[in-house]
Amino acid sequence: MAMNAIGLEHEVRELLTRLGVQESRYTEGELVVRTPITGQVIAHVAKTSGPAAQLAIDAARQAFLVWRNIPAPRRGELVRALGEELRAEVEALGRLVTIETGKLLTEGCGEVQEMIDICGFAAGLSRQLTGLTIASERAHHRMMETWHPLGVVGVISAFNFPVAVWSWNAALALVCGNAVVWKPSEKAPLTALATQALFERAAAKVGGVPAGLCALLVGDAQLGELLVDSPQVSLVSATGSTTMGRAVGPRLAKRFARSILELGGNNAAIVCPSADLDLTLRGIAFSAMGTAGQRCTSLRRLIVHESIYDNMVTRLKRVYLSVGVGDPRESGTLVGPLIDARSFAAMQSALEEARAVGATVTGGERVGVDGAAEAFYVRPALVEIAEQAAVVKRETFAPILFVLKYREIEEAIALQNDVPQGLSSSIFTLNMREAERFVSASGSDCGIANVNIGTSGAEIGGAFGGEKETGGGRESGSDAWKQYMRRATNTINYGTDLPLAQGVSFDIAE
Ligand code: SIN
């Protein structure tokens, strides 16, 4: 084993101990965990068996029956306490995110900050779970909406945001009065174990939290299927590929369970003639190369006006050829490793397909990093392509940016929308008409439409999610909480008559 890997394994052990995870959970199991930083083994995590998972779902259901009756602001105290535990451990958990996913340290800590932020949001929300009162057409009647928790919420998360996506769902679900059962990616179980330990710390401090309220299932897709098919699970929020969503969505629909699907993206930015090109370049660089192109919101298509195309592409090429690729813990690095060999193979095959239709590729090659022969580092690829070919319309989860040219803004918006996915989009322009058009009903068809910032790096305050093959779900801020509750419409008669709606008469004789 390379020195680097021994060092990392030791560091992981120290971090997990600090974060409160029992040693046997990550040294004695059958799930082999590798770090993408070196490609080598750093832990052996115990898998949850099918029967144990079923027991966890049963326990979560029992916990829900207690939790739903605890006042929401008190439920908010638990989520606030979780936020405090996370705040105390930003560095440790952030570093673990980096080791497990290969994100830069600033992004690893940023992910934990996002968890803290959603906890703050949810704690405030716990005093704002408001419903409407509605004018009744009947005398001495009142109508109102009340919101109630659903039951057990299942969360299936992906490797690239191994903990933040859980928190977007769990923080809201818990203040809304639900129990949560989490199935993280098999590629990222360590950060999930640590998060679960921090949750348990918070619960012990707050007190009165029913056992089993938040459970963790570690293992393969079969555990996810258990959540999807269990009649005890009222809602499943699933983040992953469109292929996964196609399997999960119909199974949930079949039993009329709710779903929040956050699936593939194929995000584009339009660069207009008036754009501030320095700002644009920075926006593109972070969105396209950041997290090694492994965000759902990563920028994958750039649609540039013909008048600035050559200038933009020349500048981008300079950045692509010089950007620091390497160990994500080092300060000069902006692009860390791909998650694994499969991801590298998918990237190479997409680039081959692009070349075959006449595209010009800059970058894309494997980069050697000392002590990391089993890891997959790549130079991000800039691909000039004449048309939106099939390879451009597919999401390849890697740092590939396709660059297309446009003449009229209508053409650019049509290109932006002409893909099956609908997660994120942006326009770079100083022209108010173009910007407003882009965010209007006849503009971007995505769940996220930005002006003068890139496609990635959303804040928790907004609802997160997208349209078309992205799945239509919304998580995180705004009124996404409503999905974790059921709405009851109540009509209350405080009079002495029984008038029927729409003036219907139904007089009985006794
Ligand atoms: C993701 O969920 O993959 C990305 C979130 C973001 O970039 O804001």
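Order of appearance sets the numbers: ligands from 1, and atoms from 1 within every ligand. For the numbers below, each heavy atom of this structure counts, side chains included, while hydrogens, waters and symmetry mates do not.
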Quick one: does F161 get an N or O within less than 3.5 Å of an N or O on ligand 1?
no
Nearest non-hydrogen atom to atom 3 (O) of ligand 1 belongs to which of G465, C296, S456?
C296
For N160, the ligand 1 atoms with a heavy-atom partner under 4.0 Å come out as 3 (O)
Are the side chains of V378 and M347 in contact, using a 4.5 Å heavy-atom criterion?
yes
protein heavy-atom neighbour closest to atom 2 (O) of ligand 1 works out as F464 CZ, 3.7 Å
Quick test of your reading of the model: are K393 and D418 salt-bridged, counting only N-O distances below 4.0 Å?
yes
Over all atoms of both residues, closest heavy-atom pair of Y320 and A288:
OH-CB, 3.4 Å
Nearest heavy-atom approach of T455 to A268 is CG2-O, 3.6 Å
Based purely on interatomic distance, does R295 place a nitrogen or oxygen under 3.5 Å from a nitrogen or oxygen of ligand 1?
yes
Proximity of T239 to ligand 1 by residue part, where a heavy atom lies under 4.0 Å
neither
For C176 against P149, the heavy-atom pair lying closest together:
O-CB, 3.1 Å
Specify the protein heavy atom at minimum distance from atom 8 (O) of ligand 1: its residue, its atom name, and the distance to 0.1 Å.
A458 N, 2.6 Å
Assign the ring pair F464 / W168 to parallel, tilted or perpendicular, where the plane angle (0 to 90°) is split at 30° and 60°.
tilted
For atom 4 (C) of ligand 1, what's the nearest protein heavy atom and its distance?
T297 OG1, 3.3 Å
